[in-house]
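Before any comments, here is the structure.
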Protein chains: 2
Amino acid sequence: MIPEEFKLDNQLCFRLYTASRLLSQAYHPLLCGDGLTYPQYLVLLVLWEKDAQPVNDIAKRLFLETNTITPLLQRMEKEGILKRTKGKEDARQTIVTLTRKGKNLQKKLAEVPQTVGSAVTCDSVNPETAPELFRMLDDIIARLSLPKEPEVR
Amino acid sequence: MIPEEFKLDNQLCFRLYTASRLLSQAYHPLLCGDGLTYPQYLVLLVLWEKDAQPVNDIAKRLFLETNTITPLLQRMEKEGILKRTKGKEDARQTIVTLTRKGKNLQKKLAEVPQTVGSAVTCDSVNPETAPELFRMLDDIIARLSLPKEPEVR
DNA sequence: TTTATTTATATCGTTCACGATGCAAATATA
DNA sequence: TATATTTGCATCGTGAACGATATAAATAAA
């Protein structure tokens with residue numbers, strides 16, 4: 001017999017990892033028609049909320065590093081969904097701006113949230129219980145995303 | 001103003017995706033000393049529970065495809081953590097068996113579950129509330145992992 | 001103002017995920 | 001028993017994640 005805490009069925013992380021993967025998979029058929037991946041869809045959500053943001057702001061909003069989203073943004077630029085231009089005030093920044101095509105995708109994808117929503121709704125997860133689930137996930141995220149203090153020298 | 005359902009803060013999937021990534025990251029410092037990744041750790045959890053399983057059983061237990069874990073198992077074999085041998089009854093199967101080293105890792109990693117556990121514990125997520133969170137995640141997983149019916153012909 | 005440090009982004013290498021495809025062994029059907 | 005289908009696994013290509021490193025611009029310190 002192995003210790004309780006090593007059992008897969010007692011692992012929070014495995015559940016999060018699996019639920020996350022399966023839910024991303026549920027987005028796939030809804031996004032791939034427009035040549036989008038789920039992480040690219042997340043970038044669109046960020047830019048629909050506020051256009052013309054530097055790479056760093058998008059990365060921070062998604063809790064990702066710039067080395068993850070830079071290639072992703074480059075692919076989206078190649079698809080004509082957005083533009084990447086050098087910042088005028090700060091020449092180090094790359095400002096990401098939606099193209100007409102990128103903005104129009106919002107209308108084309110109008111059904112996505114609803115469709116995915118009904119795909120996950122079940123006994124224990126529904127409009128009534130969602131706030132509680134959201135709160136727990138937000139707390140986990142907050143707990144784990146605390147900025148690491150810089151090395152002491 | 002964009003529609004409510006497009007706001008990042010209303011997305012379940014984004015929360016799952018972020019929480020999953022951050023929690024996997026929390027495992028990294030605990031596993032990398034032994035040359036392990038988080039998905040490899042999951043394979044170990046499966047094999048510690050029951051050794052000598054075919055690739056397909058491991059994949060199913062983790063809700064993954066064999067094309068994902070085959071290379072992963074090959075890397076773990078190269079590290080001497082497990083062996084891959086052809087099945088005797090069914091020659092198509094590859095049976096995965098832990099080596100001494102793979103079995104011993106359980107003792108070396110004894111602190112891992114506890115350490116990660118205390119890293120996520122917070123107001124809303126604790127031993128008392130965990131069962132509720134587990135139930136919701138399990139329901140989502142069950143809802144999304146229903147076998148897709150084969151094409152009608 | 002030189003020089004040092006920090007910041008914003010990009011590049012690189014490795015490891016997943018995962019759809020698509022290939023292949024051989026096992027099973028079902030004719 | 002010959003043929004067709006299914007099953008188990010592997011290979012391939014693409015797109016993330018992410019640690020490590022590089023580079024240029026901005027800022028701070030000397």
Side-chain angles (χ1 to χ4, degrees), chain A residues 17-29 31-33 35-43 53-60 62-79 84-96 145 147-148 150-151 153, chain B residues 17-29 31-33 35-43 53-60 62-79 84-96 145 147-148 150-151 153:
Chain A
Y17 163 79
T18 302
S20 168
R21 281 192 313 101
L22 294 178
L23 194 43
S24 291
Q25 284 177 29
Y27 277 92
H28 182 256
L31 298 177
C32 68
L36 291 171
T37 64
Y38 178 69
Q40 291 175 10
Y41 174 71
L42 289 182
V43 168
Q53 296 193 53
V55 172
N56 206 14
D57 289 16
I58 301 173
K60 282 216 166 60
L62 298 176
F63 298 92
L64 290 166
E65 302 296 321
T66 61
N67 58 359
T68 296
I69 64 167
T70 288
L72 194 151
L73 293 171
Q74 289 169 340
R75 282 186 286 271
M76 292 177 80
E77 183 175 40
K78 206 151 62 178
E79 294 301 317
R84 293 159 65 247
T85 52
K86 274 290 156 203
K88 282 196 271 292
E89 306 164 19
D90 190 332
R92 293 169 303 179
Q93 290 185 332
T94 296
I95 308 295
V96 182
S145 65
K148 313 131 183 71
E151 301 292 326
R153 260 177 308 196
Chain B
Y17 163 80
T18 303
S20 168
R21 282 193 310 102
L22 294 179
L23 195 43
S24 291
Q25 283 177 29
Y27 278 91
H28 182 257
L31 299 176
C32 68
L36 291 171
T37 65
Y38 178 69
Q40 291 175 8
Y41 174 70
L42 290 182
V43 168
Q53 296 193 55
V55 172
N56 205 13
D57 289 15
I58 302 173
K60 281 215 167 60
L62 298 176
F63 299 91
L64 289 166
E65 302 296 324
T66 61
N67 58 1
T68 295
I69 65 167
T70 288
L72 193 152
L73 294 171
Q74 289 169 340
R75 281 186 286 270
M76 292 176 80
E77 183 176 40
K78 204 151 63 176
E79 294 301 317
R84 294 159 63 247
T85 52
K86 273 290 154 203
K88 282 196 271 293
E89 306 165 17
D90 189 332
R92 293 169 302 179
Q93 290 185 331
T94 296
I95 308 295
V96 182
S145 65
K148 311 130 184 70
E151 300 292 325
R153 259 178 306 195

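Numbers restart at 1 for each chain; the letters A, B, ... are given by sequence-line order, proteins then strands. These numbers come from the heavy atoms of this one structure, side chains and all, not from hydrogens, waters or symmetry mates.
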For atom [atom1] of [X] and atom [atom2] of [N], their distance in whole Å:
{"X": "L62(A)", "N": "dA16(D)", "atom1": "CG", "atom2": "C1'", "value": "13 Å"}
{"X": "I69(B)", "N": "dA17(C)", "atom1": "CD1", "atom2": "P", "value": "11 Å"}
{"X": "Y41(A)", "N": "dA16(D)", "atom1": "OH", "atom2": "C1'", "value": "18 Å"}
{"X": "R75(A)", "N": "dA17(D)", "atom1": "CZ", "atom2": "P", "value": "10 Å"}
{"X": "E79(B)", "N": "dT15(C)", "atom1": "CD", "atom2": "P", "value": "8 Å"}
{"X": "Q53(B)", "N": "dG8(D)", "atom1": "CD", "atom2": "P", "value": "14 Å"}
{"X": "E65(A)", "N": "dT11(C)", "atom1": "CD", "atom2": "P", "value": "17 Å"}
{"X": "L42(B)", "N": "dA17(C)", "atom1": "CG", "atom2": "P", "value": "8 Å"}

Nucleotide nearest [X] when distance is taken to its side chain, options [options]:
{"X": "R92(B)", "options": "dA16(D), dC18(D), dA26(C)", "result": "dA26(C)"}
{"X": "Q40(A)", "options": "dA25(C), dA16(D), dC9(D)", "result": "dA16(D)"}
{"X": "Q93(B)", "options": "dG8(D), dA25(D), dA10(C)", "result": "dG8(D)"}
{"X": "T37(B)", "options": "dA10(D), dA17(D), dT15(C)", "result": "dT15(C)"}
{"X": "T70(A)", "options": "dA10(D), dA16(D), dT11(C)", "result": "dT11(C)"}
{"X": "L64(B)", "options": "dC9(D), dC18(C), dA16(D)", "result": "dC18(C)"}
{"X": "Y17(B)", "options": "dA17(D), dC16(C), dA16(D)", "result": "dA17(D)"}
{"X": "N67(A)", "options": "dT7(D), dT11(C), dC18(C)", "result": "dT11(C)"}
{"X": "Q25(B)", "options": "dG8(D), dC18(D), dT11(C)", "result": "dC18(D)"}
{"X": "T94(A)", "options": "dC18(D), dT9(C), dA16(D)", "result": "dT9(C)"}

Do side-chain atoms of R21(B) reach the backbone of F63(A) as a donor and acceptor pair under 3.5 angstrom? yes
Main-chain N/O of R84(B) paired to E77(B) side chain as donor or acceptor, under 3.5 Å: yes
With DNA chain C as reference, determine whether D90(A) or Q74(A) sits nearer its 5' end, using the nearest nucleotide of each.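 Its nearest nucleotide being more 5', the pick is D90(A).
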Of A91(B) and I95(A), whose nearest nucleotide on DNA chain C comes first from the 5' end?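 Nearest nucleotide further toward 5': that of I95(A).
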Heavy atoms under 4.0 Å, any strand shown: does P71(A) hit a base, just sugar-phosphate, or nothing?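 Touches nothing.
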Looking at R84(A), does any N or O in its side chain come under 4.0 Å of the phosphate oxygens OP1/OP2 on dT9(C)?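 Negative; the distance criterion is not met.
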Can you name the closest pair of heavy atoms from Y38(B) and S24(B) and give their distance? CD2-OG, 3.5 Å
Can you tell me if CD on E65(A) sees more than 12 non-hydrogen neighbours from other groups inside 6.0 Å?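 It does not: E65(A) CD has 12 such atoms or fewer within range.
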Evaluate the ring planes of Y41(B) and Y27(B), with Trp represented by its six-membered ring, and classify them as parallel (under 30°), tilted (30 to 60°) or perpendicular (over 60°). tilted
How far apart are the C-alpha atoms of I95(B) and Q53(B), what are their side-chain angles, what is the distance that settles it, and do they pass the side-chain contact (heavy atoms from CB on, under 4.5 Å) test? CA-CA 5 Å; I95(B) 308 295; Q53(B) 296 193 55; over 6 Å; no
For Y38(A) and for K88(A), find the nucleotide of DNA chain D with the closest heavy atom, then tell me which residue's nucleotide is more 5'.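 Between the two, 5'-proximity favours Y38(A).
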